[in-house]
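One structure is given below, encoded as structure tokens.
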Amino acid sequence: MKIQFLGTSASPSTPLPFCQCPFCTIARKAGGKNLRRRSSIIINDDLLIDLGPDIMSSSYEYRIDLSVISVCLQTHPHEDHFDPELIISRHPDYGARNAKDLLIAGSRQTLETMDAMISRRCDYGSIFDPKVQLALGIKLLAVTPFVPYQINDYLVTGVPANHGSAQQGCFLFKIEAKDKCLFYGTDTSIINDEVWDHLKATKTRIDLVILDLTYGIGYASKPGDHLGAKDFIDHVQRFKACGLLKKKGEIYATHLSHEGALEHGEFECYARKYGFHIAFDGLTLKI
Ligand SMILES: [Zn+2]
Ligand SMILES: [Zn+2]
Ligand SMILES: [Zn+2]
């Protein structure tokens, strides 16, 4: 399984466009791995997680053809993870040709919110309408939490995130292919006990954990929101102590904001002391 990060920032991008805090000033000056787009990843050239607002600019930089993506797992519909224009531009009105049909999988609440966001932007009709799906070349899959779905070569399980309101149906995803397993864990605050129980009960053995670290060093996690560094490190230890992470498994932080952040090289040194890594835009991992 090949995983490439298209973006690793929290919602405002990192550095923040309108901020002159010490971190944003350093990040802007240093450039490179310190410049982060909104979070999204691509797996094996055919599976995307989140139709975020920056996936086009990432795809241009990393020479990725998004028209061959056939599956999108949508964690949730917050604007830093879903840009409705990406779906709208698939309509014949835009003259787009020969894109692969796209299966969009997420919780029913996520799909319904995406539908409402699209309908505010155009009058093509509901994406739940088969005629509209045909025009856009999309199919929808409403995912029930904790139920595994075989999608192409992947066994995909959505689990509830500790993020947003209960009505928003935010998911984290476990993605298995052959003997490999990825756990994509953003956006979330402290992971719910039912998710830990599920991972243990299904004897999950993970090769790669990608986890929310929106609030960095010295910042507390916020319930229903995001993780801070202290709880992130507790999660690193818990994934290892529970035997959920394979011996050579790795944990990468993503969805990084400016609070409690360090220049990338320094942040990576800090992270290694606690047994994890800091992701950056364009990073490609193979598991
Ligand atoms: Zn987010
Ligand atoms: Zn700042
Ligand atoms: Zn969010």
Side-chain angles (χ1 to χ4, degrees), residues 5-31 33-42 48-55 57-58 72-84 86 106-107 109-114 116-117 143 145 158-173 183-192 195 210-219 221-229 231-232 252-264 266-267 278-281:
F5 290 84
L6 301 184
T8 55
S9 91
S11 60
S13 305
T14 304
L16 269 63
F18 303 107
C19 181
Q20 290 199 349
C21 76
F23 170 77
C24 288
T25 305
I26 289 166
R28 214 173 276 121
K29 197 179 276 181
K33 294 172 184 172
N34 294 286
L35 307 180
R36 302 178 183 279
R37 300 179 175 97
R38 270 67 68 85
S39 295
S40 171
I41 61 165
I42 187 167
L48 179 74
I49 302 189
D50 287 343
L51 285 156
D54 291 331
I55 62 170
S57 63
S58 294
C72 174
L73 306 180
Q74 191 66 37
T75 57
H76 64 307
H78 288 167
E79 284 87 347
D80 57 319
H81 296 259
F82 176 58
D83 180 353
L86 294 168
S107 71
Q109 301 96 311
T110 288
L111 298 177
E112 286 171 352
T113 306
M114 291 166 74
M117 291 165 77
V143 168
V159 296
N162 178 2
H163 186 70
S165 67
Q167 295 77 35
Q168 288 179 311
C170 304
F171 274 173
L172 314 175
F173 285 107
F183 183 79
Y184 190 72
T186 199
D187 297 0
T188 191
S189 185
I190 292 166
I191 293 177
N192 303 322
V195 173
I210 300 171
L211 191 60
D212 184 309
L213 180 55
T214 303
Y215 305 116
I217 303 160
Y219 284 78
S221 306
K222 295 184 189 172
D225 190 28
H226 296 285
L227 283 167
D231 288 323
F232 186 101
Y252 277 76
T254 193
H255 206 274
L256 302 142
S257 192
H258 65 156
E259 292 116 325
L262 298 173
E263 185 281 324
H264 180 81
E266 289 174 36
F267 214 176
I278 305 291
F280 55 89
D281 292 17

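As the structure is a prediction and not an experimental result, all values here were calculated from the model. Counting starts at 1 for both ligands and their atoms, following the listed order.
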>> Which atom name does His78 have for its N/O/S atom nearest to the Zn ion (ligand 3)?
In response: ND1
> Quick check: does His226 have an N/O/S atom under 2.8 Å of the Zn ion (ligand 1)?
Replying inline: no
> When you measure from the Zn ion (ligand 3) to each N, O or S atom of Asp187, which atom gives the shortest distance?
Replying inline: OD2
>> How large, to 10°, is the angle at the Zn ion (ligand 2) when you draw lines to SG on Cys21 and to SG on Cys24?
In response: 110°
> Between Ile191 and Leu211, is any pair of side-chain heavy atoms under 4.5 Å apart?
Replying inline: yes
> Looking at Asp80, which of its N, O or S atoms is the nearest one to the Zn ion (ligand 1)?
Replying inline: OD2
> Of all the atoms in His81, is at least one N, O or S atom closer to the Zn ion (ligand 3) than 2.8 Å?
Replying inline: no
> Is the shortest heavy-atom distance from the side chain of Glu79 to the side chain of Arg38 under 4.5 Å?
Replying inline: no
> Looking at the Zn ion (ligand 3), which N/O/S atom of His163 is the nearest one?
Replying inline: NE2
> With a 4.5 Å limit on heavy-atom distance, are the side chains of His163 and Thr75 in contact?
Replying inline: no
> Between Asp187 and His76, is a side-chain hydrogen bond (donor to acceptor under 3.5 Å, both in side chains) present by the stated rule, with each step listed?
Replying inline: CA-CA 8 Å; Asp187 297 0; His76 64 307; 3.2 Å; yes
>> Applying the side-chain contact (heavy atoms from CB on, under 4.5 Å) criterion to His255, which one of Asp80, Thr8, Leu227 satisfies it?
In response: Asp80
> Just wondering, do His81 and Ser40 contact through their side chains at under 4.5 Å, heavy atoms?
Replying inline: no
>> Restricting to N, O or S, what is the name of the atom of His258 that lies nearest the Zn ion (ligand 2)?
In response: ND1
